[in-house]
Amino acid sequence: MPLLEKLAHFLTWVPEKDYEFYLPEESSTQPVPEENKTQQQAIFPSVAVNLEYVKTAYNTMLNSDIVIREFNILARNRQYEAFILFIDGMVNSTMINDFILKPLMLRNSANSFEGEQDRVIAEAVTNNITVRKIKKFDIVSYITSCLLPQNSVKQVHTFSEIFSGVNSGNCALFIDTLNVVFDIEVKGFKQRSVSQPQNETVIKGPHEAFVENLRTNTSLLRKIVNNENLIMESVSVGNITKTKCAICYMKNIANDDLISEVQYRIHNLQIDSLLSVGQLEQLIVDQNTLGIPEILSTERPDKTSQYLLQGRVAVLVNGSPYAVIMPATISDFMSSTEDANLKPYFANFLKGLRLLAAFITLLLPGLYVAITCFHQEILPTELLFSILPTRQNVPFPVIIEILTLEISFELIREAGLRVPSPIGSTIGIVGALVLGQAAVSAGIISPILIIIVAITGIASFAIPDFSFGFHLRFFRFIFILLGFIAGFLGISIGIFVYLCILCNLKSFGTSFITSACTCSNKKSNDYFIPPIWKQEKRPAFLSTKKEKNQEAISMKWKN
Amino acid sequence: MNIPQILKKIVIYIFILFMIILLIASFSSSYASLNIDNLAFVVALGIDTGQTHQLKVTFQFTNLPSSMEGSSSKESQTVNNTVEAPSINTAIQLMNAYLGKKLNLSHCKLIIFSEEIASQGVSEYIYTLMNDSQVRPSSNIIVSKCDAKTYIEESFPSLEELSSQYYEIFAQSDQYTGLVVNSTIGDFFNGLICDECSSYAILGGLNSSQDADFTIEGKRDSENIRFSRF
Amino acid sequence: MNQTKLSSLEAISLVLTITIAHTVLSLPRILLNSTKSATLLNLLYVTGIVILLAWLIYYCFKKFPGQDILDVSHFLGGNILKNIVGSLFILYFVVSSSILLRNFSQSIQVIYFPMTNVTFVILFFIIAMTIVNYLSFHASFKATSFIMPFAIISVLFLFLANIDNFSFSRMFPLLGDGIIDTFITGIGNVSAFCGISVLYFLPPLLKKPENYKKICIASIIISAIYLFLCVATLLFMFEFFISNDELMPLYSATRYIEFGSFVQRLESVFLLVWMIVFVCYLGITSKISILCFKKITKIKYHKPLVLPFSLFMFAITLLPKNYAESIFFENTIFRYCVWFFIFAFCIGILLIANWKMRTNKKEEIS
């Protein structure tokens with residue numbers, strides 16, 4: 001009687017089913033043993049054993065995108081069993097069909113050569129005895145030279161090399177009775193095309209930016225530098241991901257010690273995975289003092305080439321649209337590519353403006369706190385009397401007010417990154433203007449503080465390098481605290497200690513503050529750049545092999 | 001990192017925290033006395049002879065409305081208070097007690113002596129004022145024919161919002177009128193000390209007005225320049 | 001510690017910092033009180049003498065390339081003399097900077113922190129100095145060379161902005177209290193150039209030791225110009241016996257600067273720059289005394305010494321009971337210290353060492 005049953009179900013209490021799944025705190029599974037030894041395994045001559053090994057290694061029962069295609073090769077009237085191994089989605093299937101399978105499987109003029117003839121190289125007849133030099137038939141060279149019309153074919157011997165090739169999109173060709181495997185370049189996975197830089201826009205310069213693929217990035221650099229002395233060394237970092245990195249430098253310009261130092265640091269990293277340039281940056285810097293960046297990271301190839309031609313070293317990481325450049329000094333963080341494209345007067349004006357922006361970001365809130373707490377006599381009387389009445393209704397002391405405002409500004413900034421785009425611009429308006437205005441009318445905040453925090457925020461956006469601006473934003477809190485504790489005494493001590501720490505930093509063998517130091521006597525090293533015809537020498541702190549950038553009189557047409 | 005290093009790090013962090021708290025605590029008393037919220041800024045100072053005590057000191061403060069809508073009438077923008085005391089410092093202490101906020105002379109633009117007191121000799125008052133680290137050496141000195149108290153109460157600027165602006169501008173108007181000289185307390189003090197120089201001050205006065213609330217708009221009169229010996 | 005060396009500009013700024021740190025306090029007042037209105041003339045005269053002395057120092061050090069005064073005293077009298085000279089230098093640097101620190105903190109406390117105990121103001125400076133000493137050897141010297149232009153500009157600005165308030169008649173009488181007072185007794189004003197104490201330690205630290213002569217003479221000339229500006233400002237603005245009871249005479253000079261109604265009462269900005277210079281000075285003297293100590297005792301690492309030295313300086317700053325005692329030390333005792341120790345004693349050692357070197361060479365030849 002379904003109705004009664006239903007009534008019974010309705011009236012009785014049924015316990016809820018608890019979904020029981022817990023991860024134990026101590027792992028009950030055995031740790032997987034290190035796979036290094038097995039990866040060094042050399043290739044077996046028998047293709048069946050190779051097939052079993054590959055199927056086990058790649059778990060082809062479970063992995064759905066690993067493809068193994070077995071076929072027979074006909075070469076010199078002999079048949080060889082073979083198979084190719086590739087990952088679906090990462091290869092260009094047309095290329096595999098046309099340039100690997102077709103020439104190997106179909107009968108064509110190359111592989112239909114019949115006969116057991118050996119190739120005769122030379123023949124000499126003396127005393128009725130004929131001596132012939134014969135080149136023995138070598139199937140490996142035959143296949144490489146005649147049967148595979150593919151532009152990049154490598155012969156590898158160990159499984160680790162095969163797997164790293166297949167994982168990056170190549171195709172591996174196994175042939176029976178041979179002890180080499182052919183690693184064939186057929187990459188064809190989808191990637192982002194070269195587009196405009198997101199974070200480093202420039203008005204007069206090129207609008208290309210790096211993408212995630214390493215080869216595309218290196219090609220962008222090669223296009224601009226256009227010289228055979230540009231070296232791109234390939235390094236694998238990370239035990240599991242084996243991320244490909246490229247160390248780029250100009251062989252005839254960059255200092256050898258610098259190059260070897262960079263190579264040494266990158267080769268000696270014992271990590272499991274390297275996923276981005278930011279991680280690499282943290283792993284190879286000298287010291288991570290106070291978050292001050294010591295390596296420059298950029299997403300523009302023209303900026304990278306400019307630094308390469310100066311004699312620095314750049315590192316590209318596969319999967320990250322950024323390049324890191326080392327060594328980096330403080331004026332590199334404050335200059336943008338625009339400076340090279342404008343006339344020197346305007347470029348120096350912009351540089352001075354950025355320096356002012358750096359000071360404002362770091363010091364303005366701290367100075368405001370110090371002045372209102374201890375040194376009111378500096379303010380002009382009118383300004384003081386316009387600050388005073390606005391402060392009468394505010395319930396908080398200056399320090400709480402300014403800390404609240406600064407933290408809310410940072411919150412708005414962080415929230416603005418994650419807001420979905422339809423409301424993205426609204427948050428900017430809502431957050432900044434309306435909230436600020438509402439807070440003033442409610443009597444929580446004084447209006448002059450809103451202006452100060454807004455100017456500080458705007459100045460922090462004017463700094464070209466993101467990480468440098470970030471560290472300045474972080475340190476203004478310390479200066480606020482110092483200004484609150486002891487007014488100008490605290491601020492002066494803060495400035496001095498900060499300056500000493502900056503002077504103490506070293507970035508890949510050069511002092512961090514070299515280029516801004518007034519004691520260096522080469523003109524092109526200063527913070528403010530001279531006109532381009534006067535930039536005759538490369539920066540002295542790089543110790544480059546070629547010191548001169550251009551002749552003393554570079555404009556020969558001018559007489 | 002082994003245990004001694006971890007312990008060392010912890011000790012260093014605790015030490016830094018302790019230092020910060022100690023410094024905040026120790027400087028907080030100065031903060032409390034110098035903080036902008038606890039200060040009352042004097043704009044003008046007037047010194048007369050007093051009835052019960054030796055001096056009658058008048059302080060003028062600016063009382064700006066906190067809301068910016070509309071302009072209030074001129075009277076409510078300034079607040080005048082007068083005390084009688086044997087000396088200037090005592091007068092300041094009395095004012096502190098009466099007002100609650102601490103007096104701050106760093107924006108005082110005008111110091112006015114009545115003619116009565118000036119004829120008795122002002123050098124000791126000048127010394128007192130110059131010794132105070134807050135008084136600006138560029139504040140102006142005026143000797144007024146009437147009471148300093150009346151002078152301060154009756155002076156309303158007609159073209160400016162703040163009286164402090166008015167005091168500054170009018171003392172510097174010697175550049176285009178010939179009627180006043182920019183006489184500052186710093187120059188006055190130097191003149192007192194120096195053997196070869198004399199001190200000078202502006203002689204000021206009011207138009208004839210018997211009533212306290214008779215507003216004199218735009219008829220500020222600084223009469224003669226007189227070089228007096230003190 | 002030996003990775004980087006000083007360039008000439010940094011070396012000059014070292015010497016200059018010491019002079020500036022002294023002028024901020026009461027050095028100009030001492031000079032003015034001793035020679036009254038003839039101070040400017042006296043200063044020119046004294047500069048000439050000190051330039052000669054600096055040249056003498058350079059000439060004596062020519063025979064000992066790359067060695068500083070401790071090595072020279074080791075050559076002259078063995079370990080004993082080296083230890084004596086080293087300890088005297090350490091004592092000189094530590095005590096003079098401590099007393100100066102005490103005076104400066106006291107002045108700042110009176111002006112800005114009336115309710116705070118002076119101990120905490122001193123603590124601020126000591127903490128900054130300790131942090132800076134833990135960094136590498138070169139960091140504080142580089143920072144000093146950054147700050148130097150600002151300090152010089154500040155005094156130049158002070159001089160130019162106060163021209164309105166100058167009365168040049170205070171320069172007269174030109175010879176002040178008389179020729180004997182100005183030129184004979186006035187030689188005591190040589191103690192104004194106490195920056196020379198750094199010159200004795202410079203040769204091993206320089207990047208280009210051949211510039212030593214330039215460094216010596218240039219630093220003296222620039223210090224002289226700086227002193228000239230400070231003394232001139234004070235001389236022309238105030239009468240002498242006004243300056244007697246001022247905490248920091250240059251500070252009172254800054255209170256007179258006024259440009260219209262916007263720029264007024266800039267003294268806090270000047271003090272900001274001078275406080276930074278003062279911390280530079282503390283850093284330099286502590287670094288040199290640690291270097292001295294390291295040389296005497298031949299220990300390998302200097303970092304563990306930083307904390308004891310800071311505590312030692314902190315203790316000495318708290319020694320004087322009140323302001324009068326520390327002022328007395330700075331004005332009277334310090335002058336004789338500098339005059340006797342820095343100039344007479346050290347130059348004597350250099351001359352005797354030179355003579356010994358010459359006689360040794362003559363013996364070798366003969």
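Each chain gets a letter, A, B and so on, in the order the sequences are listed, and its residues count up from 1.
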Heavy atoms from other residues, nucleotides or ligands near CZ of B:F18 exceed 12 (cutoff 6.0 Å): no

Side chain, backbone, both or neither of C:V121 within contact of chain B (heavy atoms, under 4.5 Å): both

C:Y134 atom OH: more than 12 heavy-atom contacts under 6.0 Å: yes

Spacing of B:D187 atom CG and C:D164 atom CG [to the nearest 0.5 Å]: 9.5 Å

Contact class of B:T184 relative to chain C, heavy atoms under 4.5 angstrom: neither

Chain B contact via C:R255 - which portion, at a heavy-atom distance below 4.5 Å: both

Neighbour count >12 (heavy atoms, 6.0 Å) for atom CD1, C:I179: no

Within 6.0 angstrom of B:K8 NZ, more than 12 heavy atoms from elsewhere: no

Over 12 non-hydrogen atoms of neighbours within 6.0 angstrom of CZ in C:F157: yes

NE2-CZ distance between B:H107 and C:R265, expressed to the nearest 0.5 angstrom: 8.0 Å

CZ on C:F120 to OG on B:S29, rounded to 0.5 Å: 9.0 Å

C:N165 CG to B:S138 OG distance, which is reported to the nearest 0.5 Å: 9.5 Å

